[in-house]
There are 2 protein chains.
Amino acid sequence: MEKLFRFLNQLMPLSPELKADLNKRIYKRIAMHGELVIPEGKVCTQLYFIRRGFLRGFHYQKGREITTWFAFENDIATSTYSFLAQKIAYENVEAIEDSILYGINYDDLNTIYRLHPEFNYIGRLLTEKYYFDLMEHSLSLQFQNAKESYLQLITDHPQILKRASLGHIASYLGISQETLSRIRSKIV
Amino acid sequence: MEKLFRFLNQLMPLSPELKADLNKRIYKRIAMHGELVIPEGKVCTQLYFIRRGFLRGFHYQKGREITTWFAFENDIATSTYSFLAQKIAYENVEAIEDSILYGINYDDLNTIYRLHPEFNYIGRLLTEKYYFDLMEHSLSLQFQNAKESYLQLITDHPQILKRASLGHIASYLGISQETLSRIRSKIV
DNA sequence: GTTTACATTTGATAAAAGTCAAAAAATAAT
DNA sequence: ATTATTTTTTGACTTTTATCAAATGTAAAC
């Protein structure tokens with residue numbers, strides 16, 4: 001848990017009381033490779049900090065899996081829309097490597113926000129960070145062709161390339177797996 | 001300004017002091033149709049609430065304009081990445097209808113956040129809202145074809161359809177203007 | 001080491017979307 | 001109203017990407 005506090009502390013110094021209140025409510029969870037950390041179909045109540053490992057968010061569209069994000073060490077992961085809006089999730093979260101997570105549930109997090117209004121600053125900052133990430137992904141989808149998107153992924157997110165499967169990467173880039181395979185063969 | 005306070009108040013009741021501090025720092029700006037409200041190439045220091053009108057965000061890619069968002073009455077608009085990260089803007093904001101805006105500058109907004117930590121809650125809430133909007137747009141770009149994206153725009157954002165030009169809408173959907181025109185002719 | 005399961009590549013073909021150029025339609029300016 | 005300007009549509013053609021099917025490669029399980 002030390003690593004989570006270091007992470008939060010670098011965003012904003014945490015008071016001892018805030019630290020204690022967080023400590024009381026955060027729990028540890030292990031997720032093995034292939035494990036569905038958050039399932040679709042019900043309201044997602046858990047938010048996770050990734051201490052170690054690799055997760056992805058995906059959902060089904062016309063019978064196929066669409067991966068919409070990847071998350072690593074020091075990232076926050078949840079079924080975002082469902083967690084924030086407290087509506088039924090259509091998004092699944094899966095561990096694609098053995099992972100160690102620190103979790104907090106929705107009500108507990110809101111209790112923290114209520115008891116420590118300054119914690120909203122961290123909430124705002126993290127939401128902004130993930131907004132930027134999404135913006136980057138979205139721009140790549142909007143005006144780049146398959147090859148350009150792939151090249152950008154190579155330079156901006158080599159981690160994803162190394163650790164995710166071709167199929168997951170392809171759907172993340174909004175292209176078919178065959179197209180990605182062909183692009184890759186031409187580049188190397 | 002009454003309308004802005006009503007908007008904020010419905011997110012969280014504003015204390016009289018907060019209201020006064022906002023009042024001191026918020027100014028009014030008129031932007032005419034075609035006016036560049038925020039230009040690229042320098043750090044964006046202004047955030048606007050749209051009292052009335054219609055704006056779009058766009059940037060240039062391979063010599064062409066790419067529209068990434070539209071914003072209406074009761075929306076917040078700025079060159080998002082530049083404003084939040086205080087980095088050089090690559091995004092322009094243009095009024096595509098005569099508009100009335102309420103603005104605040106970056107330092108003043110942060111003064112508000114400092115003097116009134118609870119205002120971070122509103123900041124978090126609004127960031128989350130725009131995160132959802134972006135997510136919706138991004139998903140549409142990722143796994144829908146041109147026709148599906150257009151049909152979704154018709155049902156989800158008829159306002160955009162009515163008020164934006166074909167070229168703007170096409171680039172927003174990530175397709176060429178000719179393709180959009182052909183799709184439209186087949187549907188009607 | 002062989003079998004089984006799963007992931008990736010390759011080939012042939014079809015569908016979707018882009019490009020360039022010109023015509024038509026809609027708006028704005030005089 | 002007429003002209004000028006901008007926006008939208010249409011046509012011919014090219015490029016990109018998807019799809020389906022099969023082959024190959026890789027890794028785990030027995």
Side-chain angles (χ1 to χ4, degrees), chain A residues 32-36 54 56 58 60-67 70 94-98 137-154 158 160-188, chain B residues 32-36 54 56 58 60-67 70 94-98 137-154 158 160-188:
Chain A
M32 301 308 281
H33 167 263
E35 188 175 334
L36 200 62
F54 189 30
R56 71 175 179 122
F58 72 96
Y60 293 95
Q61 187 68 12
K62 301 171 192 163
R64 292 180 187 186
E65 284 186 8
I66 313 281
T67 296
F70 295 102
E94 181 193 51
I96 45 185
E97 289 177 9
D98 295 350
H137 185 206
S138 182
L139 286 176
S140 149
L141 291 164
Q142 189 173 354
F143 63 73
Q144 292 184 161
N145 63 26
K147 188 175 174 182
E148 291 166 338
S149 293
Y150 182 66
L151 290 176
Q152 194 189 322
L153 194 71
I154 291 177
I160 292 180
L161 229 69
K162 268 183 222 121
R163 297 165 70 174
S165 77
L166 185 94
H168 294 165
I169 295 171
S171 86
Y172 178 74
L173 296 176
I175 63 181
S176 74
Q177 149 168 317
E178 292 92 333
T179 294
L180 181 55
S181 174
R182 279 183 251 263
I183 288 167
R184 185 192 262 180
S185 72
K186 273 182 214 153
I187 289 175
V188 183
Chain B
M32 301 306 282
H33 168 261
E35 188 174 334
L36 200 61
F54 188 30
R56 70 173 179 123
F58 72 97
Y60 292 95
Q61 186 69 12
K62 300 169 193 165
R64 294 182 184 182
E65 284 186 6
I66 312 280
T67 295
F70 295 102
E94 180 193 53
I96 44 185
E97 289 177 9
D98 296 349
H137 185 206
S138 181
L139 285 177
S140 150
L141 291 164
Q142 188 174 355
F143 63 74
Q144 291 185 161
N145 64 26
K147 187 174 173 184
E148 290 167 337
S149 294
Y150 182 66
L151 291 176
Q152 194 190 321
L153 194 72
I154 292 178
I160 292 179
L161 229 69
K162 268 184 222 123
R163 297 164 72 174
S165 77
L166 186 93
H168 294 165
I169 294 171
S171 86
Y172 178 74
L173 296 177
I175 62 182
S176 75
Q177 152 167 313
E178 293 92 332
T179 295
L180 181 54
S181 174
R182 281 183 248 264
I183 287 168
R184 186 193 258 181
S185 73
K186 274 181 212 151
I187 289 175
V188 182

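Naming: A, B, ... by sequence-line order, numbering from 1 per chain. In this text, all values refer to a predicted model and were calculated from it rather than measured experimentally.
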S.K.: Whole angstrom is fine here: how far is it from CG in B/Asn145 over to P in C/dG18?
M.R.: 11 Å
S.K.: Rounded to the nearest angstrom, tell me the gap between atom CD in A/Glu178 and atom P in D/dG25.
M.R.: 18 Å
S.K.: I'd like to know if the side chain of A/Gln142 reaches the main chain of B/Thr67, judged simply by a donor and an acceptor atom lying under 3.5 Å from each other, with no hydrogens or angles considered.
M.R.: yes
S.K.: Return no unless some side-chain N or O of B/Ser185 is found under 4.0 Å from OP1 or OP2 of D/dT9.
M.R.: no
S.K.: Report the residue from A/Ile154, A/Leu166, A/Thr179 that forms a side-chain contact (heavy atoms from CB on, under 4.5 Å) with A/Arg184.
M.R.: A/Leu166
S.K.: Please report, rounded to the nearest Å, how far the C1' atom of D/dT26 is from the CG atom of A/Leu166.
M.R.: 14 Å
S.K.: Can you find a side chain N or O atom of B/Ser176 that sits less than 4.0 Å from OP1 or OP2 on C/dG18?
M.R.: yes
S.K.: What is the distance, rounded to the nearest whole Å, between atom CD of A/Gln177 and atom P of D/dT24?
M.R.: 18 Å
S.K.: Has B/Glu148 got a side-chain atom pairing as donor or acceptor with B/Asn145's backbone, closer than 3.5 angstrom?
M.R.: yes
S.K.: Judged by atom type as modelled, is there a donor-acceptor pair below 3.5 Å linking the side chain of A/His137 to the main-chain atoms of A/Tyr172?
M.R.: yes
S.K.: Could you tell me whether B/Leu180 contacts a base, only the sugar-phosphate backbone, or nothing, with contacts defined as non-hydrogen atoms closer than 4.0 Å?
M.R.: nothing
S.K.: Between P on C/dT27 and CZ on B/Arg163, what's the gap in Å once rounded to a whole number?
M.R.: 17 Å
S.K.: To the nearest Å, how far apart are B/Ile169 CD1 and D/dT9 P?
M.R.: 10 Å
S.K.: Please report the shortest heavy-atom distance between B/Met32 and B/Ala95, naming the atom on each side.
M.R.: O-CB, 3.6 Å
S.K.: Expressed as a whole number of angstroms, how long is the span from A/Tyr150:OH to D/dT16:P?
M.R.: 18 Å
S.K.: Should B/Arg184 be listed as having a side-chain N or O under 4.0 Å from OP1 or OP2 of D/dT7?
M.R.: no
S.K.: To the nearest angstrom, how far is B/Gln144 atom CD from D/dT17 atom P?
M.R.: 19 Å
S.K.: On the nucleotide C/dT9, are OP1 or OP2 found under 4.0 Å from the side-chain N or O atoms that A/Ser181 carries?
M.R.: yes
S.K.: For the side chain of B/Arg182 and the base of D/dG11, is some donor closer than 3.5 Å to an acceptor across the two?
M.R.: yes
